[in-house]
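Everything on this sheet refers to the single structure shown next.
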Amino acid sequence: MAKTNNRRPEFEKLVIGPLMVFGEMSTGGHYMEMLKIMKQSKGGSYFSHANKLWIDEGVLGFYKGFMPWGFIQIAKGIPVLFIQAECDHYFKQWGVHGKTAEVLSGVLGGMGQGIFMTPTQRLKTIVMTDPKYEGAGAPKTVGEALKATTYVAGEVVKKEGWGTLMKGLGPMMGKRGFDWGFRFWGIGVAKSYLTRDDPKRPLGVLEKMGVGFFGGLVSTATMPLDTWVANCQKASKKLPDGTVIKANAIQVAQDMWRTRGVSAFVSGWNMRVLHAGYHTMWMYSIGSLISDWLNKK
């Protein structure tokens, strides 16, 4: 068993993770995710959704649902890098090495992230998909946007109970677990390829960026879970009398299959590739560069 007397937990990653999520979301990641969710839950083209957002809300449309729920969601960066690093360390202590340890620890980090982000993702998705907040009802100022998003929280809890905030938790944990497992597998494959002539050679900055993007690309294998989560968490359907139609995750999947077949589970794939690659570049590539700098490795 490896000695760990002089090792300390990588607590800096509890701060680096959220900062990386904020950087990614505020520089285009939130907008990419929003277009993807709209396409997954409503159909239509990316252009039609982007055009409608611009007509309805102008510049504010780029950050629809970001405040406060998207901003609060930077907390999803807390568990994934820290849990992954700690689990990877202990897996190696227990004799599990190489890509296997990285992938298993990535799965656990991703599942932890799923728990953190389910409530805010649910509220953010409602704001993105509820027709009430489109057209004439779309917020035109930052104040109106904040009022609309906070109003959503009170209304959805009042009508559907506190449990609605965790709607889609199972698919979300599964999706984020597999998602980060695939990311770290892809990262490991890319690193092995780039250092095949000299395994001990450290990667350059551009190489790290490329490795991160490739890991994100590989993670899109979880696309069916991604679209399932988006449909589980979108604004609930209502009857003409205002009664909310409640559906569990299995019923949502059945309805997706019945109405659109296979296409319902792969909608938004190309935007998912861009967003997943960009997100992983921030979380893994830029995050590891900052971590290395802080530790002077």
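Residues Tyr31 and Leu35 meet the side-chain proximity criterion, which asks for heavy atoms closer than 4.5 Å. Side-chain contact between Gln251 and Asn248: present, with at least one pair of heavy atoms (C-beta onward) separated by less than 4.5 Å. Looking at heavy atoms from C-beta onward, Met38 lies in side-chain contact with Leu53 at the 4.5 angstrom threshold. Inter-residue side-chain proximity for Met20 and Ile290 is flagged as met; some heavy-atom pair is nearer than 4.5 Å.
Side-chain contact check for Tyr278 and Thr27: at least one donor-acceptor pair (N or O, by modelled atom type) lies under 3.5 Å. If you check the side chains of Tyr90 and Trp94, you find no donor sitting under 3.5 Å from an acceptor. Between the side chains of Ser48 and Ser45, at least one donor N or O lies within less than 3.5 Å of an accepting N or O.
Cluster annotation: Leu203 and Met283 are assigned to the same hydrophobic cluster (Ile/Leu/Val/Met/Phe/Trp/Tyr, side-chain heavy-atom contacts under 4.5 Å, transitive). A continuous path of Ile, Leu, Val, Met, Phe, Trp and Tyr side chains, each step under 4.5 Å between heavy atoms, connects Ile286 with Ile16, placing both in one hydrophobic cluster. Residues Val107 and Val80 do not share a hydrophobic cluster, clusters being chains of Ile/Leu/Val/Met/Phe/Trp/Tyr side chains in contact below 4.5 Å. Under a hydrophobic clustering in which Ile, Leu, Val, Met, Phe, Trp and Tyr are joined whenever their side-chain heavy atoms come within less than 4.5 Å, directly or via other members, Ile187 and Val103 fall into different clusters. By the rule that hydrophobic residues join a cluster once side-chain heavy atoms approach within less than 4.5 Å of another member, Met223 and Val262 end up as members of separate clusters.
Residues Ser219 and Gly216 approach most closely at OG-O, 2.6 Å, considering heavy atoms. Closest heavy-atom contact between Phe213 and Leu274: CE1-O, 4.2 Å. The heavy-atom pair separating Met32 from Met271 by the smallest distance is O-CG, 3.3 Å. Closest approach of Ala253 and Trp228 over heavy atoms only: CB-NE1, 3.6 Å. Residues Gly77 and Val21 approach most closely at CA-CG2, 3.7 Å, considering heavy atoms. Between Pro9 and Glu86 the shortest heavy-atom distance is CA-OE2, 3.5 Å.
Between Phe22 and Phe66, the ring planes lie tilted relative to each other; the angle falls in the 30° to 60° range. Under the 30°/60° scheme for interplanar angles, the aromatic rings of His279 and His275 are found to be tilted. Classified by interplanar angle (parallel below 30°, tilted 30° to 60°, perpendicular above 60°), the ring pair Phe265/Trp257 is tilted.
Judged by the 6.0 Å and 45° rule, Arg183 forms a cation-pi pair with Trp180. Phe184 does not carry Lys99 over the face of its six-membered ring by the limits of under 6.0 Å from the centre and within 45° of the normal.
Taking NZ of Lys64 as the start and NE2 of His30 as the end, the distance is 9.5 Å to the nearest 0.5 Å. The CG atom of Leu169 sits 11.5 Å away from atom CE of Met117, with the distance rounded to the nearest 0.5 Å. Here the CE-OH distance, from Met25 to Tyr63, works out to 10.0 Å after rounding to the nearest 0.5 Å. The distance from atom CD1 of Ile115 to atom CE of Met172, rounded to the nearest 0.5 Å, is 11.5 Å.
Of the possible donor and acceptor atoms, one in the side chain of Thr280 sits under 3.5 Å from a partner among the backbone N and O of Ala276. Formation of a donor-acceptor pair under 3.5 Å by the Thr220 side chain with backbone atoms of Leu217 is found in this model. A donor-acceptor distance shorter than 3.5 angstrom exists from the side chain of Ser288 to the backbone of Ser285, with no hydrogens or angles considered. Put simply, the side chain of Ser105 gets close to the backbone of Ala101: a donor and an acceptor are under 3.5 Å apart. A donor-acceptor contact shorter than 3.5 Å is absent between the side chain of Arg176 and the backbone of Met173. In terms of modelled atom types and a separation under 3.5 Å, the side chain of Thr118 and the main chain of Gly114 share a donor-acceptor contact.
Alongside Phe116, the hydrophobic cluster contains Phe11, Leu14, Ile78, Phe82 (criterion: ILVMFWY side chains under 4.5 Å).
For the pair Asp255 and Arg260, the salt-bridge criterion is not met [side-chain N within less than 4.0 Å of a carboxylate O]. Using a cut-off of 4.0 Å between Lys/Arg side-chain N and Asp/Glu carboxylate O, Arg122 and Glu160 are scored as salt-bridged. Residues Lys13 and Glu10 are paired through a salt bridge, judged by an N-O separation under 4.0 Å between the basic side chain and the carboxylate. A salt bridge links Arg201 and Glu207; the closest N-O separation between the charged side-chain nitrogens and carboxylate oxygens is under 4.0 Å.
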Check step by step if side chain to side chain contact (heavy atoms under 4.5 Å, CB included) holds for Arg272 and Thr222. CA-CA 10 Å; Arg272 170 80 175 132; Thr222 64; 3.7 Å; yes
Can you check side chain to side chain contact (heavy atoms under 4.5 Å, CB included) on Leu108 and Gln84, steps first, answer last? CA-CA 7 Å; Leu108 292 174; Gln84 192 278 331; over 6 Å; no
Apply side chain to side chain contact (heavy atoms under 4.5 Å, CB included) to Thr227 and Trp269, showing your working. CA-CA 9 Å; Thr227 53; Trp269 203 312; over 6 Å; no
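Shown here is Phe178, whose CZ atom has no more than 12 heavy atoms of other residues, nucleotides or ligands within 6.0 Å.
For Val218, the side chain to side chain contact (heavy atoms under 4.5 Å, CB included) test picks out Phe182, Trp185, Phe214, with sequence neighbours left out.
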